[in-house]
Amino acid sequence: MSQMPQQAALPKCPSCAEPLEPGDLFCGACGYDLSAVPAPPADQPTLTMTGAPDGDVDWPEPEPATTGSTEPRAHRAADVPGTDSGGTPLHAPEPAASGVRFDRPAEPNEPTEPEEYPLQAPDPRVEAPAQVCVACRAGRVDGDGYCENCGHAQPRERDHMERESGPVAAISDRGLRHHRNEDDFTVAHTALPDGSPAALAVVCDGVSSATRPDEASTAASRAAGDVLLAALPRGTHPQAAMHEAIVAAAKAVDTLAETPDGAREHAPHQNAPACTIVASVVASGLLVVGWVGDSRAYWVPDDRSAPPARLTEDDSWAAQMVAAGLMNEAEAYADERAHAITGWLGADAYELEPHTASFKPDRSGVVLVCTDGLWNYAEAPEEMAEVLPPDAAARPLHAARVLVGHALDAGGHDNVTVAVVPFPTPPQGAGSA
């Protein structure tokens, strides 16, 4: 409602609160000097929210709603001309400066503080916090990776490796008995010249009786993977590319044996670096495997009512005994010589004979490429299929974890490495495996 204007009250002395008369320079009651009191500021009217001050302001019209928006863009107060209640023109807010900002006004004779303070570089003389042993939780870990308190070897990056590449996944684990992981792998995916996808996996197992088996498996898996990734996009047939990849892997391992003569004199009885290899390529409805040694590839269809299969034959003493008809498979693999390999990659290997095979499955499934650290605990295809989760094709990394966990729960006597390569539903007219 409307209110009547009221007469302004007489001013009072700031010292004794006695009323003053207009034009007084001193208080008549206490003698306070009124000349030091500043005059009150002139009154400024406050504008209502529904109106505008005299002199129309050109307010911008709201922007029309855009696609996907039901409201016009909001305007900020500083977007339009105007003044605040003290008559000061409004300005758009300045962007905040980066770093630490100090808005406290400076005191008289006080130096102005800077807008930013640079962070001090760490003192190189201060050592980083020491790594604590994972076993005893108390000892300090030395530069060689051993606890100075309990002597426990600390986990290394290679002790457990997990990787995914497109639809393919692989895991390698040191196991529970070995002091290091001598396995390695490569997983990758690419495209053929027609744009169709191709997936590959290479798994290598270092020969423990040879020198530097971990280096051999790494060199072989990387060399084979590089050749496959280069050959498949060029249109090379997957089986021919697989043969080239194994030959390249063998050359890479051979190179590791090229040591100076002096090193040979100090260690004349050391075997050359060596490893086994198994690999798989899935492309255009074709499943190709290649191998040398006793690492294996298994086929497990998504429809578990269909039989699984082992796709490789070991280069081992046991396999030779079975092939020659001298023993059945159970007898051969029960012998202590069963896992003695007759084929491997290395400078001291016999004549290199890469094995390759090509299949055309008539249904979807997965290819398991693994070392004996896994198949020792699920040797028959039916045993491997029983351990493999039903959704392995959709969750290959999870499936690999389940398989490695099965080997570790069963004893984990060896390094464990497995790659899971899904095989999609083949195109119409594909042949059977």
Side-chain contact test, heavy atoms from C-beta onward, threshold under 4.5 Å: evaluate it for Leu368 versus Leu388 and give yes or no.
yes
Trp375 side-chain N/O to Asp294 backbone N/O, donor-acceptor pair under 3.5 Å
yes
With no hydrogens and no angle check, do the side chains of Thr356 and His243 hold a donor and an acceptor under 3.5 Å apart?
no
Between Asp314 and Ser316, is there a donor-acceptor pair closer than 3.5 Å when you use the side chain of the first and the backbone of the second?
no
Between Asn415 and Arg174 (side chain of the first, backbone of the second, donor and acceptor by atom type, cut-off under 3.5 Å), is there such a pair?
yes
Determine whether the side chains of Ser295 and Thr371 contain a donor N or O and an acceptor N or O closer than 3.5 Å.
no
Indicate yes or no for a side-chain donor-acceptor contact from Asp142 to the backbone of Tyr146 under 3.5 Å, with no hydrogens or angles considered.
yes
Counting distance only, does the side-chain N/O of Asp315 pair as donor-acceptor with the main-chain N or O of Gly343 below 3.5 Å?
no
Any side-chain heavy-atom pair from Pro354 and Val247 closer than 4.5 angstrom?
yes
What I want to find out is whether Asp159 reaches Arg156 closely enough, with some N-O distance under 4.0 Å, to be called a salt bridge.
yes
Hey, is CZ on Arg180 packed in by over 12 heavy atoms from elsewhere, all under 6.0 Å?
yes
Counterpart residues, side chain to side chain contact (heavy atoms under 4.5 Å, CB included), relative to Arg158 (two or more places apart)
Met161, Asn181, Asp184, Asp214, Ser217, Thr218
Would you please name every residue forming a side chain to side chain contact (heavy atoms under 4.5 Å, CB included) with Arg177, sequence neighbours left out?
His413
Within the side chain of Arg163, is there an N or O that forms a donor-acceptor pair under 3.5 Å with the backbone of Ile171?
no
Show which side-chain atoms of residues 195-210 pair as donor or acceptor with protein atoms under 3.5 Å away, not counting sequence neighbours.
from, atom 1, to, atom 2, distance (Å)
Ser196, OG, Asp194, OD1, 2.7
Ser196, OG, Ser284, OG, 3.4
Ser208, OG, Glu182, OE1, 2.7

Say whether Glu162 and His160, considering side chains only, have a donor N or O and an acceptor N or O under 3.5 Å apart.
yes
Quick one: list whatever passes side chain to side chain contact (heavy atoms under 4.5 Å, CB included) with Asp226, sequence neighbours left out.
none
Provide the closest heavy-atom pair for Met384 versus Leu403 in the form atom of the first, atom of the second, distance.
SD-CD2, 4.2 Å
Residues passing the salt bridge (charged side-chain N to carboxylate O under 4.0 Å, His left out) test with Glu148, sequence neighbours excluded, are Arg140
Using 0.5 Å steps for rounding, measure from the CG atom of Leu287 to the CZ atom of Phe423.
6.0 Å
Got a sec: does the CD of Glu382 have more than 12 other heavy atoms crowding it under 6.0 Å?
yes
Look at the side chain of Trp291 and the backbone N and O of Glu313, then say whether any donor-acceptor pair between them is shorter than 3.5 Å.
yes
Check for a donor-acceptor pair, side chain of Glu215 on one end and backbone N or O of Arg212 on the other, with a separation under 3.5 Å.
no
Of all residues at least two apart in sequence or in a different chain, which pass the side chain to side chain contact (heavy atoms under 4.5 Å, CB included) check with Glu329?
Arg310, Val322, Tyr333, Glu379
Between the main-chain N or O of Ala231 and the side-chain N or O of Thr236, is there a donor-acceptor pair closer than 3.5 Å?
yes
Within a strict 4.5 Å, meaning less than it, do heavy atoms of the Ser221 and Phe185 side chains meet?
no
For Pro273 and Val253, the nearest pair of non-hydrogen atoms, with its separation, is O-CG1, 3.3 Å
Can you tell me if Asn328 uses its side chain to pair, donor with acceptor, with the backbone of Glu331 under 3.5 Å?
yes
Pairwise side-chain contact, Cys370 with Tyr298, heavy-atom cut-off 4.5 Å (strictly under):
yes
